[in-house]
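Taking it in order: structure first as structure tokens, then the write-up.
Any value given below was found using the heavy atoms of this structure, including those in side chains, with hydrogens, waters and symmetry copies removed.
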Amino acid sequence: MITRRALLQTVAAIGALLRERAPFAEAAADEGPAVPPAADTVTIPEWQGLLKKQRVEPVVAISDGTPVYGFGATDILANCPDLLPGEAMQARNTSPLTKIRLKKSWEITKSKIGTTPPRTPRTWMMDFKPLRAVHLIDGNPHTYWCSRGVTRPDAQPQWVRIDLAVESPVSAVVIVPRQDNQGWPGSLTIKVSRDAWHWETVYENHQYLAPSQPEPQTFRFDTHPVKQIWVIANSLGWAMADSFLVLSIAGIEVLDPEGHNLALITRGAGVTVSSTNHGSAGEKPMHDMLWPVHYDLGLKWVRVAYWDSVFNWHYAEQEKGKIVIDPLADETMTETANNGINVVLVLAYGNWLYSKEAAEGKKIEAIPPYETATKQTWVVPFEWPPPPTETGEHFQAWLRFVGTMVRHFKGRIKYYELWNEQNLNFHSYDKGDPRTAASIDQYCRLVKETTRVIREADAGAKVMLGSVGHFDREYMSACLERGVGPLLDVIPWHPFYGTVQSSPEFRTYRADVNAWKKVCESHGFKGEYMATESGWYAPYPAPEKPFGGGAVSEIVKAKCLARYITMSVGLDLTTFWNTTWHHYTWWDLGLFRNSFSADPISPTQPQAAYYVLRNLCTLLEAAEPASVPVEFSNKQQEFDVDGFHMPNGDMLVAVGLAGEPVDHSPQVATDVHFPQEKFTRATGVDVLNGTEQELQVVDGRIPGIVAKDYPLFIRLKRS
């Protein structure tokens, strides 16, 4: 029996390993003249204590003899929980069940499993918080606060508390709306107190009607001596283009009888809120806490800068000719590479500095659609800079940026993706159609010129086409017809977002991918294939306006993940789950639960999908797709089968029921026969529970296998 001391020593050793750092990376020396000929300026700002971050905590608890690791405020069990206890793999099998030994990223030799961290890395350079609570007391009606979004209007009340510096007579509270008049609640209560203990309600209306115009709303009452004010809202309203339900306002004023506003930070007032919307990436402390979970998962791939990242061009170059590489993001890439993970870096998006508007002398802040910055939304992706499509300064500056990034990350990053979902957004700046022949021509010219720069900066780099949304084979075919195929090392796409797994789109995916590979090969492409984004979602409550294909339960999400990842690796696709964590509660894109919202950091704990993905990373280490003929005694049922060769000579076969998964799977018994395989023993692996069991074998058959709506893996030890 392992002792607590031994556990702590083991975890301390792991922590020491994770804390090891390579020296802070300098930009790689130029291997030749820059393209275009120009000096690259790379600035890495100093950052005190950069290498002193605590990345992984020791064991924070032990549950039934199993350690629990602490990643900041997030607690993760060291092995897989019993997500569905009692699930049989084989009828009448009394062999013991044991937990599989999980591997970390640095222990896994290779695999095709990765994730896309959200808008990462989130660092001091871009950790702006345009919706923070101080805007409620800054006296500026053009700045806003916004609560964290919810999926239903009454799922969780939101509130604001104002503390005055000194108890004062108060006769009114004023709520200042956003200029777009969004974010009003349908239920409003205002309370006041002298001691933050005894509260008096001075206004209450559970049928509140939002004003038709964005004008301040004044709520008067008898003058009171007041120290604290508490505004409570429910029946929340839509905000941000009707994408989520929030309480969002520009300010709260607390008026004395003379009409002076006491609720100002310049008067010493303070504000506390129930929650704050910090964007889909969450807060920088969340990134600091959770980045090491990539190594705990056993991933071998992460994809960064596909959306709103410090590595995007418009962040890296905010002064012409000066490219700034954020030090914390830079060090995170070093750490990731040192822990055995391959990084895909997306090179993407334009730069307002080189736009025609800037060339005409307009101030960037005044260039449409930059006026939305005053409405407290994010610059990207909502304010697309123009893409570098012209042959002049803009395009040359883009090539300079690309060359600088590739030289700088040489030795740490090998894969470079050229844009993201260009079939959907390449001309979002001017609301043009990105799928016209002219737009595709411009994109393909960018690919050809950018590829040349990358090859000159790092001859060993891998160049990827930009991932297209929705597995858009028509758009990719148009690119191949323009001659980009022989230039590329990877063709990627985004196949599924909440797609119903019993739908024809999902059921035909195996055949569609194999057919698509032949099309690519016919155009001279000889490289790899990647599915760089996909996900299924389990938001609670189920959203009024679901994202993608709709919402499922948490356990069904885990099953969808298991089925999708297994199928994709079986198709020889490097596959990324989108995302590792995600703080938009109404999307629920990540592997962590979005529970009650809170401030300053909303707590998050692993979903079932986290543990299932971790099991798959260990199980499918170095697995190579294989065609394995399988015969089932049950002829009434349709089964999904994916086969793999393992490095030690074993065969690994995944068997599952076709159709849509449900919370409690049907249990379908069948004998399984592998007519072309000779094996001496077989082991079953349940990826939802992280257990394995010796299976009974009779005359080359495995009788009484209990198939379910998620993959059961059978490992065959060959003769």
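- In the model, Thr580 has a side-chain atom that pairs as donor or acceptor with a side-chain atom of His294 under 3.5 Å.
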Decide side chain to side chain donor-acceptor pair (under 3.5 Å) for Asn578 and Tyr497; before the verdict, give the C-alpha distance in whole Å, the side-chain angles of both, and the deciding distance to 0.1 Å.
CA-CA 9 Å; Asn578 186 32; Tyr497 274 106; 3.0 Å; yes
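- In this model, no donor atom of one side chain and acceptor atom of the other lie less than 3.5 Å apart for Tyr349 and Asn425.
- Atom CD1 of Ile100 is separated from atom CG of Asn615 by 4.0 Å, given to the nearest 0.5 angstrom.
- Nearest heavy atoms, Trp419 versus Gly350: CH2-N, 3.9 Å.
- The pair Glu624-Lys110 meets the salt-bridge criterion, with a side-chain N (NZ, NE, NH1 or NH2) lying under 4.0 Å from an Asp/Glu carboxylate O.
- Crowding of His470 atom NE2: a count of heavy atoms from other residues, nucleotides or ligands under 6.0 Å not exceeding 12.
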What do the steps show when you test Tyr306 against Ser467 for side chain to side chain donor-acceptor pair (under 3.5 Å), and what is the final call?
CA-CA 9 Å; Tyr306 58 97; Ser467 297; over 6 Å; no
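- You'll find the ring centres of Phe426 and Tyr475 outside the 6.0 Å limit.
- In this structure, Phe401 and Trp398 have tilted ring planes: the angle between them lies in the 30° to 60° band.
- Between the side chains of Arg412 and Thr334, at least one donor N or O sits under 3.5 Å from an acceptor N or O.
- Taking the charged nitrogens against the carboxylate oxygens, Glu449 and Arg452 do have a contact shorter than 4.0 Å, which makes a salt bridge.
- Using cut-offs of 30° and 60° on the angle between ring planes, the pair His394 and Trp313 is tilted.
- Judged by the 6.0 Å and 45° rule, Arg473 forms a cation-pi pair with Phe471.
- Classification of Asp642 and Arg563 as a salt-bridged pair fails, no side-chain N sitting under 4.0 Å from a carboxylate O.
- In this structure, Phe496 and Trp536 have tilted ring planes: the angle between them lies in the 30° to 60° band.
- A salt bridge does not link Arg718 with Asp650: every distance from a Lys NZ or Arg NE/NH1/NH2 to an Asp or Glu carboxylate oxygen is 4.0 Å or more.
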Determine, step by step, whether His408 and Asp330 satisfy the side chain to side chain donor-acceptor pair (under 3.5 Å) criterion, reporting the C-alpha distance in whole Å, the side-chain angles of both residues, the deciding distance to 0.1 Å, and the verdict.
CA-CA 10 Å; His408 179 74; Asp330 188 79; 2.4 Å; yes
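- Between Tyr584 and His582, the ring centre distance stays below 6.0 Å.
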